[in-house]
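In what follows, a single structure is set out as structure tokens and then discussed.
Atoms considered below: every heavy atom in the structure, side chains included; atoms not considered: hydrogens, waters and symmetry mates. In this text the structure is predicted, and so the values were computed from the model without any measurement.
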Amino acid sequence: YVYGLLHSPEYQTRFAADLKKMIPRIPMAADFDAFSSAGRKLATAHLGYESTDPWPLDGLPDDSANPADVRVTKMKFPKAGKVADKSRIIVNSHATLSGIPEEAYGYQVNGKSAIEWIMDRYAVKTDKASGIVNDPNLWSDDPRYVMDLVARIVRVSVETVEIVNDLPTLGV
């Protein structure tokens with residue numbers, strides 16, 4: 001119930017000031033069962049994101065893909081002038097994922113879409129002070145892991161937006 005309630009746009013708007021400075025207040029919504037059901041679906045999707053079926057993006061490699069062709073350095077959106085095309089993600093010079101639905105960006109985590117969080121966090125970075133390299137390509141034995149993860153996050157994002165859009169009003 002609480003997880004469903006916390007995802008309600010009406011709840012987030014109505015209690016925005018309180019959410020910034022204190023523990024969230026949890027009112028009893030008129031349709032408890034709807035929020036409970038939505039919360040269960042959301043928790044299942046969010047906790048099981050690594051095992052969900054990937055969204056059918058164009059450009060996903062098959063099992064015979066060369067590991068060098070799926071290696072991620074820094075993912076980015078292609079741009080036409082200053083406008084980013086968020087329906088596609090450039091993974092590297094050999095691979096581009098496309099077919100990302102616009103509604104997938106509707107699922108926001110701290111003001112940034114889940115897809116953009118993955119793009120930011122799953123990049124090869126070197127710590128300036130220590131010289132330690134953080135390489136997400138080494139986090140799994142599957143060379144396609146990061147690209148498949150993007151497709152899974154797209155599915156979770158689209159499903160989350162659908163669930164949230166079906167939430168009833170609070171009725172409090």
side-chain contact (heavy atoms from CB on, under 4.5 Å) between T126 and N134, worked out: CA-CA 6 Å; T126 304; N134 183 11; over 6 Å; no
Side-chain donor-acceptor contact under 3.5 Å, E162 with Y107: no
Side-chain donor-acceptor contact under 3.5 Å, S130 with D127: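 The criterion, which ignores hydrogens and geometry beyond distance, is satisfied for D127 and S130.
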Mind listing the closest non-hydrogen atom pair of [X] and [Y] along with its distance?
X    : Y    : answer
V70  : V91  : O-CG1, 4.4 Å
D148 : P54  : O-CB, 4.4 Å
N92  : R71  : ND2-O, 2.6 Å
A104 : S157 : O-CB, 3.2 Å
L97  : M147 : CD2-CE, 3.6 Å
R155 : P56  : NH2-CD, 3.7 Å

Transitive ILVMFWY side-chain link [X] to [Y], under 4.5 Å:
X    : Y    : answer
F32  : L5   : yes
Y145 : I90  : no
Y122 : L60  : yes
M75  : L57  : yes
Y49  : M119 : yes

Distance (rounded to the nearest 0.5 Å) between [X] [atom1] and [Y] [atom2]:
X    : Y    : atom1 : atom2 : answer
W139 : L149 : CH2   : CG    : 9.5 Å
I163 : R40  : CD1   : CZ    : 12.5 Å
D142 : N137 : CG    : CG    : 11.0 Å
T169 : D31  : OG1   : CG    : 8.5 Å
L19  : R25  : CG    : CZ    : 10.5 Å
L138 : D141 : CG    : CG    : 10.0 Å

Is there a side-chain contact between [X] and [Y] in this structure, where contact means two heavy atoms from C-beta onward sitting under 4.5 Å apart?
X    : Y    : value
W117 : N110 : yes
I26  : Y11  : yes
F77  : R88  : no
V158 : P101 : yes
L167 : E10  : no
I89  : I100 : yes
F15  : P27  : yes
V72  : V124 : no

K41/E159 salt bridge by N-O under 4.0 Å criterion: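 Between K41 and E159 there is no salt bridge, as every charged N stays at least 4.0 Å from the carboxylate O atoms.
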Cationic N near anionic O, under 4.0 Å, K76 to D85: no
Any residue meeting ring pair (Phe, Tyr, Trp, His ring centres under 6.0 Å) with Y3, in chain and number order, not counting sequence neighbours: H7, H46
Test item: [X] side-chain N/O and [Y] main-chain N/O as donor-acceptor pair under 3.5 Å:
X    : Y    : result
D69  : H94  : no
R144 : P61  : yes
Y105 : K86  : yes
S37  : D33  : no
N165 : V161 : yes

Stepwise side-chain contact (heavy atoms from CB on, under 4.5 Å) test for L6 and Q12: CA-CA 7 Å; L6 291 174; Q12 293 172 1; 5.9 Å; no
